[in-house]
Amino acid sequence: MAKFKEKENAREVNVSTKVKQDKATSKVNNGVFVYTGAISVRELASALNVQVSDIIKKFFLQGKMITINTILDDEMIGEMCLEFGYDFQKKVIVEAENFEELVIDDDPSKLKERPPVVTIMGHVDHGKTTLIDAIRNSNLVAGEFGGISQEIGAYQKEINGKKITFIDTPGHEAFTAMRSRGASVTDIVVLVVAADDGVMPQTIEAIDHAKAADVPIIVAINKMDKPGADPERVKQELLQHDVIAEDYGGDVITVNISAKQKQNIDGLLEAILVVAELKELKSNPDRYAMGTVLEASLDKQEGPKATLLVQNGSLKVGDYLVVGTTFGRVRRMTNEHNKVLDIATPSTSVAVLGISEVPLAGDRFMAFKDESEARMIATKRKQIKEAKIRSKANNLTLEDLYNRINEGNMTTINIIVKADSTGSAEAVKASLEKLSSSDVRINIIRAAAGGITESDIILAAASNSIIYGFNVRPDARIRAKAEEEKVEIRLHRIIYALIEEIQAAMKGLLEPVFVEKITGQADIRRLFKVSKLGTIAGCMVIDGVIKNHSLVRVLRDGLIVYEGKLASLQREKDQVKEVKKGFECGMVIENFNDEKEGDIIEAYEMVQEEI
């Protein structure tokens, strides 16, 4: 198996990819017995240069009966080493595809102070993003839909000559998993609690995540400018959840602030720097980068994009990456200001282009010097993951689910969720998992960002899963593959409709409904600008038939760019009723002129059909 080997050279973590026979090794080095695996009495005696009978005798006097071939555990090895005047050390060899398990033991002389990673957590509308806004002197809130964060954002600020990396986690209940990820990559949690509202359900949840991650909490008591602000009540309520403020005899720093009025923000920042100094945060920037994916999506213009938090080492343009189960090369890096970077040092968050597929938020990543090595490791990780998924799969289609429930049989429904962003995918996943009951278990096989791919179809076929697309559409080739593999694809744009559909099946109440029927797809080959008509898309019909005045949507890389109605359909300057597969035509879409060459125009109709 491939093993990790550490080297002392700058930015050098080599992964040997040669297949080796798993065999324990041991030797004495400067009075220290170093071993890697299971050791027999014979092997220990040889390494320590003592008689086998002496080891057997010592264990016999303890009431333990062993032989020359007995395999010793770590405690027994350590005991014998000390008995004969040796120290001992066990080295763990990590398989290359399991690099998350790698324990990095850097030379202390190479460690340098790094910025703390601070996560802003708390209940929805308690002012988390407004606090980030005040710290950065920016205006993030205005860019949010409904004033609520929908994705994780990471931002860096320099204060008193020292940098702090802030992570703003969504506060809405549907994004629990995203907050949990935020806590797992952070050094300090700033818990924002509104002084006029007190401790709320998501405040408690945030406390639980911080405790689970074993990171210190600083409480920012916000909205001190509002009538009814009562910081003492907040501290008392926090006592019930074992968060004890310093002035109550505990070790939790509390800071009264008004993010909106920018009051006492400096006091909060000073508290963060004090806690960071006590933690003595250090890392080695002169090694290949390791870290975590904060957010990932399929960008309509640039392809797969991932926001990465570098936790150790330095990430450079040109480095080869293994991100989760996907592979890539860093083609471009930008910070939160969209400034292009050549290098990202520890505790820096960057948006990275060059990854072959959209990874999952929360995936770990590691950079490598060698392309073939990184590609091999990514392939191996993907095979292992899909093998685990297939071994657990046990699913029915939605129609089978409906029939089984009507028969009174308990069942499991396996679902693959593909969405336009990782945040949406996790929101759908969390909402669906809550529907599990004593009769039906919802099992999410995969929840990821990006269009529906052939890989999804293959996985669904192997695991007998239903694919749910949220704000994404499969092309004609993927639909054909799904039909060939008898995989059910169900598409939605509203999360509540998706949930109601599953609920109806679980209750055995499925009724005939209007469903979408795809009639045809056309590939845009050329674009013509006409002053009176707008943009005419010169197309080739690649599947089915396109009918005039039908409902259409424009797809770009599997994502919906626009939905509307076909205003005009022409063949050689003549208006026609329909154009079949293999023929060219010109199309004008009502109220839309932003088509691009390579886009897909998909025509569909709504028909009444019983599931």
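What's counted below: heavy atoms across the whole structure, side chains too, no hydrogens, waters or symmetry copies.
- Atom NZ of Lys112 has 12 or fewer heavy atoms from other residues, nucleotides or ligands within 6.0 Å.
- When all heavy atoms of Ala449 and Lys418 are compared, the closest pair comes out as O-CE, 3.9 Å.
- Listed here is the closest heavy atom pair of Ile132 and Ile120: CD1-CG1, 3.8 Å.
- A distance-only check finds a donor-acceptor pair linking the side chain of Ser314 to the backbone of Pro285 [under 3.5 Å].
- Under 3.5 Å, the side chains of Ser349 and Glu336 contain no donor-acceptor pair of N or O atoms.
- In Lys157, the NZ atom is crowded: over 12 heavy atoms of neighbouring residues, nucleotides or ligands sit closer than 6.0 Å.
- A salt bridge links Asp74 with Lys90; the closest basic N to acidic carboxylate O contact falls under 4.0 Å.
- Panel note: side chain Asn160, backbone Lys162; no donor-acceptor pair is recorded below 3.5 Å.
- Contact check for Thr348 versus Thr165: no side-chain heavy atoms found under the 4.5 Å cut-off.
- Considering every non-hydrogen atom in both Gln311 and Pro346, the closest pair reads O-CB, 4.4 Å.
- Atom CD of Gln62 has more than 12 heavy atoms from other residues, nucleotides or ligands within 6.0 Å.
- Of the possible donor and acceptor atoms, none in the side chain of Asn471 sits under 3.5 Å from a partner among the backbone N and O of Ala419.
- The environment of Glu277 atom CD is sparse: at most 12 non-hydrogen atoms of other residues, nucleotides or ligands sit within 6.0 angstrom.
- Between Lys235 and Asp247, at least one side-chain N (NZ, or NE/NH1/NH2) sits under 4.0 Å from a carboxylate O, which counts as a salt bridge.
- Put simply, the side chain of Tyr86 gets close to the backbone of Leu48: a donor and an acceptor are under 3.5 Å apart.
- Residues His126 and Ala194 approach most closely at ND1-N, 3.1 Å, considering heavy atoms.
- Judged by distance alone, with hydrogens and angles left aside, the side-chain atoms of Thr186 form no donor-acceptor pair with the main-chain N or O of Val189 at under 3.5 Å.
- The minimum heavy-atom distance linking Leu321 with Phe365 is given by the pair CD2-CD1, 3.8 Å.
- The existence of a salt bridge linking Glu426 and Lys429 is excluded, since no basic side-chain nitrogen approaches an acidic carboxylate oxygen closer than 4.0 Å.
- Annotation for Leu278: atom CG counts as buried by contact number, over 12 foreign heavy atoms lying within 6.0 Å.
- Shortest non-hydrogen contact noted between Thr422 and Pro359 is OG1-O, 4.1 Å.
- Shown here is Asp251, whose CG atom has no more than 12 heavy atoms of other residues, nucleotides or ligands within 6.0 Å.
- Although no hydrogens or angles enter the test, the distance criterion places a donor-acceptor pair under 3.5 Å between the side chain of Gln156 and the main chain of Ser347.
- With hydrogens and angles ignored, the 3.5 Å screen pairs no side-chain donor or acceptor of Glu237 with any backbone N or O of Gly198.
- Look at Arg381 and Asp363 and you find no salt bridge, because none of the NZ, NE, NH1 or NH2 atoms lies under 4.0 Å from a carboxylate O.
- Within 6.0 Å of NZ in Lys64 there are more than 12 heavy atoms belonging to other residues, nucleotides or ligands.
- Aromatic pair Tyr35/Phe33: centroids less than 6.0 angstrom apart.
- Looking at Asp286, its side chain never comes within 3.5 Å of a backbone N or O of Lys110 through a donor-acceptor pair.
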Please determine whether side chain to side chain contact (heavy atoms under 4.5 Å, CB included) holds for the pair Leu131 and Leu268, giving the CA-CA distance in whole Å, both sets of side-chain angles, and the decisive distance to 0.1 Å. CA-CA 10 Å; Leu131 175 57; Leu268 176 61; 3.8 Å; yes

